[in-house]
Peer 1: 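Dropping a structure here in structure tokens format, bear with me for questions.
Both backbone and side-chain heavy atoms feed into the values below; hydrogens, waters and symmetry mates do not. Chain letters run A, B, ... following the sequence lines, proteins first and then strands; every chain starts at 1.
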Amino acid sequence: MLEISKQYNPKEVEDKWYKFWEDNNLFKAAANLDKKSFCIVIPPPNVTGILHMGHALNNTYQDILIRFARMNNFQALWMPGTDHAGIATQNVVERQLAKEGLTRQDLGREKFLERVWAWRQQYGSTIINQLKKLGASCDWQRTRFTMDEAYSQAVAEVFISLWDKGLIYQGDKVINWCPRCQTALSDEEAPHQELESHLYYLKYPFKDNASEFVTVATTRPETMLGDSAVAINPKDRRYKKFIGKTLILPLIGREIKIIADNIVDMKFGTGAVKVTPAHDPNDYALGKIHNLEFINIMNPNGILNNKAGRYQGLDRFKARQLILEDLKNLGLLEKIEPHKLSVGHCYRCHTIIEPYLSRQWFVKMKPLAKPAIDAVKKAKIKFYPSRWEKVYLNWMENIQDWCISRQIWWGHRLPVYYCNTCLQQADELTVNSEQLIVNKNGIIVSKTKPEKCPTCSSTDIYQDSDVLDTWFSSWLWPFATFGWPAKDEKIIKDLKYFYPTSALVTAPEIIFFWVARMIMAGFEFMKDIPFSDVYIHGTVRDIQGKKMSKSLGNIIDPLDVISEYGADALRFSLVSITSTGQDVFLSKEKFEMGRNFANKIWNASRFILMNVSEQALVNIEASKLNIQERWILSRLNNCTARVSKQLKAYEFSESAKQLYEFFWHEFCDWFIEIAKEDIASGRQMTKAVLVLCLKEFLKLIHPLMPFISEEIWSRLPNVTSSIMIEPYPVSNAKLIDKKIDREMEFFISLISRVRNLRVEASIEPQKPINCLVSVDSKKDLEFLESLSAKFKQLTKSETTTFAIKIRRPTKAIASAESGFTIYLKLEGTTDIANQLSKLEKQIDLLEQSIKNTSDRLENKEFLKNAPEEIVNQQEEKLETDKNTLEKIKQIYNALRD
RNA sequence: GGGCGAUUAGCUCAGUUGGUUAGAGCACCUGCUUUACACGCAGGGGGUCAGAGGUUCAAGUCCUCUAUCGCCCACCA
């Protein structure tokens with residue numbers, strides 16, 4: 001046993017056990033009708049991803065749930081996989097190409113995609129390997145990728161199904177456009193951030209009188225090049241008379257009309273608003289209603305085009321500066337005011353979004369949202385913490401159509417084909433007020449390329465070049481990972497068994513992107529919820545509360561923490577620090593807690609293993625247990641009950657604290673210390689209890705700290721199989737003994753008092769003392785006498801006398817609590833003044849407390865309203881306080897004399 | 001403009017349905033090479049629970065308002 005090192009070294013342990021678990025297929029889960037299923041689908045990390053603290057937290061929770069369920073005899077499946085992450089991945093590969101001086105256009109679509117697949121081949125499993133370091137017990141043989149052939153079939157199937165139902169349409173709309181990525185984005189992909197900007201007041205002269213103007217206010221002056229009207233509110237007295245008049249658009253010289261619309265806010269700016277239908281969603285609506293010209297002034301890359309006159313070729317922000325200068329020179333810039341505005345930013349590259357008119361594909365969301373709203377309202381799906389339900393419902397009830405087409409190459413290409421012949425014959429596609437394409441001629445939606453056009457039999461057919469939003473594949477994750485819509489027997493069996501899944505664990509920023517859409521897809525395609533519980537955890541931040549990001553340089557790399565402190569330390573620290581749903585502020589030092597705890601577990605185990613031989617342990621018989629053994633079993637079962645309850649309720653940090661408290665402060669601090677002498681004297685029952693407690697504790701902690709628990713487990717006598725497949729401990733209520741708990745509390749406070757007295761009296765730590773304990777009742781006396789050897793051992797006293805109400809010995813210092821007074825024979829000098837002041841303080845506190853309590857008990861309202869239990873409690877408290885006060889006063893008076 | 005969260009010890013945070021003297025980890029102070037562990041042991045100091053009002057026999061906990069910080073949503077050009 002001596003080969004066990006003094007310090008726990010996770011490096012020697014973790015990889016070994018992970019390999020063992022994988023080699024023995026312990027993460028594997030197939031449909032098994034003899035067991036209940038428990039399934040979690042992993043939030044698929046991006047293939048470009050590297051493990052960060054957010055992943056560490058997210059996956060630790062999932063692993064805890066899965067391991068807990070597995071040990072509770074569920075058929076537990078954690079379905080892993082990665083997401084192709086369209087824009088993100090394309091950006092990574094394009095950056096790589098740029099280093100070679102190439103663009104994706106240089107390669108062409110096909111060659112570029114080959115490059116991406118090659119990249120994926122090389123780096124795509126990085127994050128999977130990192131999850132393994134964390135201890136994630138996913139069924140890796142099932143690992144899915146959103147661009148797998150089967151998965152892509154599911155995506156196409158879904159597109160076609162929605163198209164057939166009229167829920168997908170192509171339309172011209174002002175959408176969020178990223179000029180850097182050069183693609184459309186959904187509203188969720190263009191989060192707004194507030195900027196300190198300006199409101200510019202521009203003067204537009206009248207056609208018939210160039211010395212008169214209408215002043216408009218705008219935050220994006222460059223868009224004036226595309227103006228096709230100025231709008232005012234018809235009720236606005238200032239402008240009423242101008243309705244229908246013509247203005248000359250400065251710099252461009254185009255004639256534009258003044259129109260009236262109720263949408264215009266008279267109080268904002270000047271009350272007159274420039275209308276740019278191709279570059280603003282509101283103006284677009286106005287343009288539709290008033291039949292205005294849609295003038296697109298910009299190329300997809302944010303450079304102004306030939307509609308921009310002499311500003312053609314300039315970047316949108318350079319053009320803004322120049323236009324302002326020019327207007328100023330012409331005397332047409334009235335003023336500039338500081339103005340806060342919130343602007344959309346590309347969620348991938350943070351470039352400012354351009355509202356941009358283009359033809360895109362959309363999903364009509366309102367019909368999909370309905371069952372998804374009901375499911376949450378009727379609690380078929382529950383959020384933890386529940387406050388997220390409101391956020392979810394608010395979004396769902398105001399849901400907008402979803403722009404799903406992206407002008408990039410990496411992703412699922414739209415299963416849409418165009419017949420050139422039909423398109424040429426068809427009139428320009430007309431769009432009705434709902435943005436639905438009315439004339440579908442020429443559009444063919446199909447899983448594979450049709451050989452000829454079903455309408456005209458032409459073979460001049462080409463595929464739409466757009467790909468689908470990444471989330472258009474992710475929203476199918478809970479069932480497409482099982483192989484839906486294929487009809488193989490195995491796939492159907494698995495789906496039926498594991499779907500709906502049990503819990504989904506994710507961060508709040510993913511609720512709209514993914515959680516909400518999965519719920520909608522679940523109802524639409526599986527006719528059922530995708531999961532019943534959604535656990536939303538907080539965001540991991542640095543110690544100043546900032547999000548961790550590479551650019552801020554405030555990242556704590558989980559892999560560093562693992563290599564320095566171990567995966568168990570990482571997991572345990574994260575979970576204990578993070579309270580339900582709150583953001584967590586991290587610094588490296590915080591992981592010391594987990595490391596220290598692992599080390600404590602290690603050393604306590606080392607101690608037990610050094611003292612327990614390989615021989616068969618005696619059976620534990622309740623009747624043969626002594627007080628401390630009964631006590632620790634009571635505490636163990638109390639802990640077991642609470643931890644199980646907490647894990648079922650997603651109270652992870654509570655369970656971590658519970659386990660920490662039990663193991664460190666009850667088992668190690670008291671039981672092992674007390675047990676040392678019993679071990680020395682060869683008491684077999686104590687050894688059996690030690691081993692039992694350790695075993696049960698290891699099982700309890702295993703979901704949180706899988707590696708160290710497995711390592712120690714494997715070293716225990718008579719252990720042959722993995723702790724992973726042990727049944728999770730169940731609390732035995734009969735062993736929870738409140739009376740013993742109270743008695744031990746009494747004993748513990750007695751020991752603490754003695755130790756405290758020692759320090760106060762400056763008695764050297766090792767010096768044996770003579771201790772007299774006076775108790776109030778015979779019952780207490782008997783109890784203490786049964787523990788008298790332990791008392792001596794723990795207080796290092798040479799002689800100990802217990803008695804009922806002894807008289808105070810001369811030359812002694814003393815200390816008291818309600819049930820006892822302790823006297824230490826005084827030798828040499830002691831700091832009496834210090835003693836007195838301590839006692840005075842104690843007296844003050846007690847007197848205050850007694851006053852409060854008796855006031856309460858004299859209050860008739862209190863007696864009338866408070867439950868009996870509380871009244872009794874207060875009466876008891878008054879008694880014990882009085883009792884203690886009396887004792888302390890005696891000590892005080894004696895000492896003073 | 002709406003919504004949510006936070007404000008408790010020097011720091012980071014717990015505190016279940018209101019009910020004894022408000023807890024933990026870290027940091028701090030005093031001791032300790034006590035043969036499991038200094039990543040440790042023993043003892044200790046430290047809080048007007050952001051502020052104001054209210055409900056109640058009883059408020060850190062419930063209600064209202066205020067302040068500060070943070071996050072999310074929203075087509076104020």
Side-chain angles (χ1 to χ4, degrees), chain A residues 4 6-8 174 191-192 199 216-220 223 231 263-265 267-270 272-276 280-285 339 341-342 355 385 387-388 390-391 394-395 398 508-509 511-512 538-539 541 543 545 565 569 573 576-579 581-587 589-590 592-611 649 651 653-654 657 660-661 668-669 672-673 676 752 755-760 762 764-766 796 845-846 848-849 852-853 856 859-867 869-871 873-874 876-878 880-881:
Chain A
I4 306 177
K6 261 172 91 165
Q7 274 192 5
Y8 172 55
V174 172
H192 283 64
L199 193 56
V216 295
T218 179
T219 54
R220 294 191 295 149
T223 61
I263 203 169
V264 178
D265 179 356
K267 283 180 245 121
F268 190 90
T270 62
V273 57
K274 61 192 271 312
V275 182
T276 322
D280 183 279
N282 291 322
D283 294 5
Y284 176 80
H339 183 73
L341 82 160
S342 100
R387 66 183 136 92
W388 294 108
K390 250 172 100 179
V391 175
N394 180 53
W395 186 78
N398 297 294
E509 60 263 31
I511 293 176
F512 307 144
T539 304
R541 299 174 183 282
I543 202 71
Y565 299 132
S573 303
S576 355
I577 292 165
T578 311
S579 54
Q582 285 317 120
D583 288 356
V584 57
F585 292 23
L586 285 182
S587 62
E589 303 82 65
K590 295 210 170 179
E592 286 173 8
M593 190 236 279
R595 178 200 57 182
N596 296 353
F597 188 43
N599 196 239
K600 189 73 182 180
I601 297 170
W602 182 254
N603 276 291
S605 306
R606 189 162 76 103
F607 174 77
I608 293 169
L609 289 170
M610 286 190 315
N611 287 289
E651 290 167 359
S653 73
E654 292 303 311
K657 280 172 194 159
Y660 184 94
E661 171 68 21
C668 290
D669 287 354
I672 291 185
E673 289 309 316
K676 278 179 177 168
S752 298
R755 287 169 173 173
N756 175 243
L757 267 181
R758 237 185 207 285
V759 172
E760 276 179 18
S762 310
E764 291 148 41
Q766 296 307 321
K796 299 202 175 70
L845 276 173
L846 279 166
Q848 191 55 51
S849 169
N852 291 344
T853 316
R856 203 169 294 156
N859 184 335
K860 281 180 191 145
E861 292 297 308
F862 173 73
L863 295 175
K864 199 172 79 188
N865 292 311
E869 190 191 317
I870 299 296
V871 176
Q873 204 179 66
Q874 289 295 307
E876 240 171 72
K877 176 179 152 53
L878 187 62
T880 52
D881 279 353

Peer 1: Considering only B:U20, B:G43, B:C57, which nucleotide approaches the side chain of A:K877 most closely?
Peer 2: B:U20
Peer 1: Once you round it to whole Å, what is the distance between P of B:U34 and CZ of A:R758?
Peer 2: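 That distance rounds to 15 Å.
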Peer 1: Under the 6.0 Å and 45° cation-pi test, does A:K600 pair with A:Y8?
Peer 2: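 Geometry flag: not set, cation outside 6.0 Å or 45°.
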Peer 1: Short question: side chain of A:N398, backbone of A:N394 - any donor-acceptor pair under 3.5 Å?
Peer 2: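 Present.
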Peer 1: Report yes if at least one side-chain N or O of A:N599 is closer than 4.0 Å to OP1 or OP2 of B:G40; otherwise report no.
Peer 2: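 No, A:N599 has no side-chain N/O under 4.0 Å of OP1/OP2 on B:G40.
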Peer 1: If I take atom CD1 from residue A:I601 and atom SG from residue A:C668, how far apart are they, to the nearest 0.5 angstrom?
Peer 2: 8.5 Å
Peer 1: Ignoring hydrogens and angles, are the base of B:C37 and the side chain of A:K6 linked by a donor-acceptor pair under 3.5 Å?
Peer 2: no
Peer 1: Just by modelled atom types, is the A:L845 backbone N or O under 3.5 Å from a matching donor or acceptor in the A:S849 side chain?
Peer 2: no
Peer 1: Looking only at heavy atoms, what is the nearest atom pair of A:E764 and A:R758, with distance?
Peer 2: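 The answer is O-NH1, 2.8 Å.
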Peer 1: Of all the nucleotides listed (B:A36, B:U20, B:C4), which has the minimum atom distance to the side chain of A:Q874?
Peer 2: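 Taking heavy atoms from C-beta onward, the closest nucleotide is B:U20.
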Peer 1: Pick the closest RNA chain B nucleotide for A:N859 and for A:V584 by heavy atoms, then say which residue is nearer the 5' end.
Peer 2: A:V584
Peer 1: Let me spell it out: for each of A:E654 and A:N756, pick the nucleotide of RNA chain B with the closest heavy atom. Which residue's pick is nearer the 5' end?
Peer 2: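 Nearest-nucleotide comparison on RNA chain B picks A:E654.
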Peer 1: For B:G25, does OP1 or OP2 lie under 4.0 Å from any side-chain N or O of A:K590?
Peer 2: no
Peer 1: If you compare every side-chain N and O of A:N596 against the phosphate oxygens of B:C39 (OP1, OP2), does one of them come in below 4.0 Å?
Peer 2: no
Peer 1: Output the rounded distance in Å from CG (A:L341) to P (B:C73).
Peer 2: 16 Å
Peer 1: Might you point out which heavy atoms bring A:Q7 and A:N599 nearest each other, and give the distance in Å?
Peer 2: CA-ND2, 3.5 Å
Peer 1: When you measure from the side chain of A:V273, which nucleotide among B:G43, B:A77, B:A36 comes out closest?
Peer 2: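 Looking only at heavy atoms from C-beta outward on A:V273, the closest nucleotide is B:A77.
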Peer 1: How long is the gap from NZ on A:K864 to CG on A:N859, to the nearest 0.5 Å?
Peer 2: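 Interatomic distance, A:K864 NZ to A:N859 CG, rounded to 0.5 Å: 10.0 Å.
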Peer 1: Can you identify which nucleotide, out of B:A36, B:A14, B:G25, has its nearest atom closest to the A:N603 side chain?
Peer 2: B:A36
Peer 1: A:R595 side chain: which of B:C39, B:G43, B:A36 is closest?
Peer 2: B:C39
Peer 1: Rounded to whole Å, please give me the gap between NE2 in A:H339 and C1' in B:A77.
Peer 2: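 Between C1' of B:A77 and NE2 of A:H339: 8 Å.
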Peer 1: For a quick check under 3.5 Å, do A:R606 and A:N603 share a side-chain donor-acceptor pair by atom type?
Peer 2: yes
Peer 1: A:K657 side chain N/O closer than 4.0 Å to the phosphate oxygens (OP1, OP2) of B:G23?
Peer 2: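 The answer is no; no side-chain N or O of A:K657 sits under 4.0 Å from OP1 or OP2.
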Peer 1: Any idea which of B:U20, B:A36, B:C57 is nearest the A:N865 side chain?
Peer 2: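 Per side-chain heavy atoms of A:N865, the pick is B:C57.
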Peer 1: Under 3.5 Å for both donor-acceptor distances, Watson-Crick or wobble: does B:G43 have a partner, and if so which one?
Peer 2: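 Across all strands, the one nucleotide that pairs with B:G43 is B:C29.
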Peer 1: For a quick check of understanding: with a heavy-atom distance under 4.0 Å over all strands, which category does A:L845 fall into, base, sugar-phosphate or nothing?
Peer 2: nothing
Peer 1: Over how many whole Å does the gap from A:D265 atom CG to B:C76 atom P extend?
Peer 2: 10 Å
Peer 1: Given B:U21, B:C57, B:A14, which nucleotide is nearest the side-chain atoms of A:D881?
Peer 2: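 Closest nucleotide among those given: B:U21.
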Peer 1: Whom does B:G60 pair with, Watson-Crick or G-U wobble, provided both distances fall under 3.5 Å?
Peer 2: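 Because no pair has both required distances under 3.5 Å, B:G60 counts as unpaired.
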Peer 1: Remember a base hit wins even if backbone is also touched, and classify A:K390 as base, sugar-phosphate or nothing at under 4.0 Å, heavy atoms.
Peer 2: sugar-phosphate
Peer 1: Looking at B:A77, B:G19, B:G44, which one has an atom nearest to any side-chain atom of A:F268?
Peer 2: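 Closest nucleotide among those given: B:A77.
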Peer 1: What does A:V275 touch in the nucleic acid at a heavy-atom separation under 4.0 angstrom: a base, only the sugar-phosphate, or nothing?
Peer 2: nothing
Peer 1: Check every atom of B:C37, B:C57, B:A36 against the side chain of A:E861 and return the nucleotide holding the closest atom.
Peer 2: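 Among B:C37, B:C57, B:A36, the one nearest the side chain of A:E861 is B:C57.
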Peer 1: A:N394 has an atom CG; how far is it from atom P of B:G5, in whole Å?
Peer 2: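 For the pair A:N394 CG and B:G5 P, the rounded distance is 14 Å.
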Peer 1: Given the structure, check if the side chain of A:N282 and the base of B:C75 hold any donor-acceptor pair shorter than 3.5 Å.
Peer 2: yes
Peer 1: What I want to check is whether an N or O donor and acceptor connect the side chain of A:E673 with the base of B:A42 at under 3.5 Å.
Peer 2: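 No pair found.
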Peer 1: Using a 4.0 Å heavy-atom cut-off, does A:F512 contact any base of the nucleic acid, only the sugar-phosphate backbone, or nothing at all?
Peer 2: sugar-phosphate
Peer 1: Return no unless some side-chain N or O of A:S752 is found under 4.0 Å from OP1 or OP2 of B:G43.
Peer 2: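 It does, given that an N or O in the side chain of A:S752 lies less than 4.0 Å from OP1 or OP2 of B:G43.
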Peer 1: Using whole Å, what does the distance between atom C1' of nucleotide B:U35 and atom CD of A:Q766 come to?
Peer 2: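 Roughly 13 Å, once rounded to whole Å.
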Peer 1: Just the rounded figure in Å: distance from P of B:C73 to CH2 of A:W388.
Peer 2: 10 Å
Peer 1: Rounding to a whole Å, what distance do you find between A:Q7:CD and B:C37:P?
Peer 2: 11 Å
Peer 1: Considering every strand shown, what is the Watson-Crick or G-U wobble mate of B:G1 when both distances are under 3.5 Å?
Peer 2: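 WC or wobble partner is B:C73.
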Peer 1: What does A:N852 touch in the nucleic acid at a heavy-atom separation under 4.0 angstrom: a base, only the sugar-phosphate, or nothing?
Peer 2: nothing
